[in-house]
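Have a look at the structure below, then the notes.
The sequence lines fix the lettering, A, B, ..., with proteins before strands; numbering per chain opens at 1.
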2 protein chains.
Amino acid sequence: MDSPRSTFDNLDPQKQRRVLDEAQREFAERGYHQASINRIVGRLDIAKGSLFQYFGSKEGLFAHLFRRAVDEIRAPLRAIRDAKGDEAFPERLKRVFAASSAFAAAHPFLWGIYRRMLAQEDFPLRATLLSEVRAEALTFFRELLEAGQAQGEVRADLDPATAAFLIEACLDRALSAQDSPLLDAGLGLSSDPHTRQARLEAIAEVLCRGFSAPGIAKGAAHE
Amino acid sequence: MDSPRSTFDNLDPQKQRRVLDEAQREFAERGYHQASINRIVGRLDIAKGSLFQYFGSKEGLFAHLFRRAVDEIRAPLRAIRDAKGDEAFPERLKRVFAASSAFAAAHPFLWGIYRRMLAQEDFPLRATLLSEVRAEALTFFRELLEAGQAQGEVRADLDPATAAFLIEACLDRALSAQDSPLLDAGLGLSSDPHTRQARLEAIAEVLCRGFSAPGIAKGAAHE
DNA sequence: CATAGGAATGACCACCTGGTCATTTTCCCG
DNA sequence: CGGGAAAATGACCAGGTGGTCATTCCTATG
């Protein structure tokens, strides 16, 4: 199930890093199909055969990169999650938003690939890789919400799954806007970090209101 | 600025449709780069040269398709927008969600391409086409929100831009989930139309709560 | 110094891409 | 039927793709 040990493992670790970083950059910038092995080896100034000796195939290289990135990230993410302390729910949510934003900025490869995967059906290993990552994220949000309910800051009758969906959708779009002004709807998410954070907090606040308010229906309507 | 009149316009309208539909399908299924002219002409059983005589280039063909799709759609969308009548804000929003969902299902080409464009930086004409469409959508939501504020169903101090951003983000993700179970976070958005609509309404309701509740901050906090 | 074994190489392969254009076919009008 | 214009054709092109493998290079050990 894991990679069958190859030449690559014996390499000078410094060279390993150089290779992985360059390949990572290529995939992050172009996506899977548009990424070119020729271009990677060209920039690395190594022979094409070597890359194939290391990883077997383009898909193998990609899988290796993805797995490595996910592994590297897991620990810091857990730390954020577990450092929630005893803050109020809205503060926690804002903190998570801020951390995610910083994370996306610091790991353009993983974030870029993840974003592309969401929209592109024909990504290799899409189902496997996506469902791993997403399961983790959704559990995280659900737990956060349930904690909020326990504290009484989130309506008890709110469906955690729906709420988690909302959080993820908004966070996702906000992080995308951070890279690409076209998505930012004039909010300023893609400008300087300061206004960006203010915008993120505003978004989190509106969400929290939606989670906390006890009920709205102006007339006791149907349902 | 508009297309310089070509052989294509003189064709039997039935053939025109056949060609456009097949090309559309290819782009919708594969995205821009992975779409293959060879495959299109193969399925149509016409000569490759003909396609290039019609549209000049792959990009030309794509632009033609996109523009046509947007044109075809504009009218029905306007109709939905203007048929808002005098309903309450939450009902309006639910209606918009339902209409959008039906729309995405009925126009897989436009929706598929749009979704890909959002995530893929290297799409031809991305900036032009996207900003056109998005400007329209955001204005629409903003107007809807301002009407809600006028009716007193949306907090007056809510920033319409932020709210529009939230709506769009959630709607977008919900529609994506509709096609791809991987995104649907266990909600059931990708299953039968009935539960899907119920889920969409639940989402809209939480959003509305966030827009209406007069204020949350448990202590009169900073800011 | 000899040699064995892993690492590096790059010419080469089949295949596919978007695009071209001289040639042929089709169709309409006189 | 003849002729002219518009439409259709598909062999062909240069360039790129992922992938292969016989060969060479390097180095560590005896």
Below the 4.0 Å mark, does C:dG6 have OP1 or OP2 next to a side-chain nitrogen or oxygen of A:N10? no

Could you check how far CZ of A:F52 sits from P of C:dC13, rounded to whole Å? 17 Å

When rounded to whole Å, the CD to P distance for the pair A:Q16 and C:dA8 reads 11 Å

Under 4.0 Å from OP1 or OP2 of D:dA8: is there any side-chain N or O of B:K15 that close? yes

Under 6.0 Å between ring centres, would you say that holds for A:F27 and A:F109? no

Check whether NZ of the Lys or CZ of the Arg B:K58 lies under 6.0 Å from the centre of the six-membered ring of B:Y32 and within 45 degrees of that ring's axis. yes

Does a distance-only test, which skips hydrogens and angles, find a donor-acceptor pair under 3.5 Å between the side chain of B:K58 and the base of C:dG19? no

Please give, in whole Å, the distance from C:dG5 P to A:L11 CG? 20 Å

Round to the nearest Å and state the distance from B:I40 atom CD1 to C:dT17 atom P. 11 Å

B:F55 atom CZ is separated from C:dT20 atom C1', nearest whole Å, by 18 Å

What's the NE2-P distance between B:H33 and D:dG18, to the nearest Å? 14 Å

Between B:E26 and B:S36: side-chain donor-acceptor atoms closer than 3.5 Å: no

Please classify the nucleic acid contact of A:Y54 as base, sugar-phosphate, or nothing, using heavy-atom distances under 4.0 Å. sugar-phosphate

Using a cut-off of less than 4.0 Å, is there contact between a side-chain N or O of A:T7 and OP1 or OP2 of C:dA7? yes

Ring centroids only, cut at 6.0 angstrom: are A:F66 and A:F123 within range, meaning strictly under it? no

Specify the separation, in whole Å, of atom CD of B:Q53 and atom P of D:dG10. 14 Å

Look at A:S50 and C:dA7 and indicate whether a side-chain polar atom (N or O) is within less than 4.0 Å of OP1 or OP2. no

Can you tell me the distance, in whole Å, between the CZ atom of A:R30 and the P atom of D:dG16? 12 Å

Considering only heavy side-chain atoms of B:K48, the closest of C:dG18, C:dT9, D:dG19 is C:dG18

C:dT17 phosphate, OP1 or OP2, under 4.0 Å from B:N38 side-chain N/O: yes

Any side-chain to backbone donor/acceptor pair from A:D184 onto A:S190? Under 3.5 Å, distance only. yes

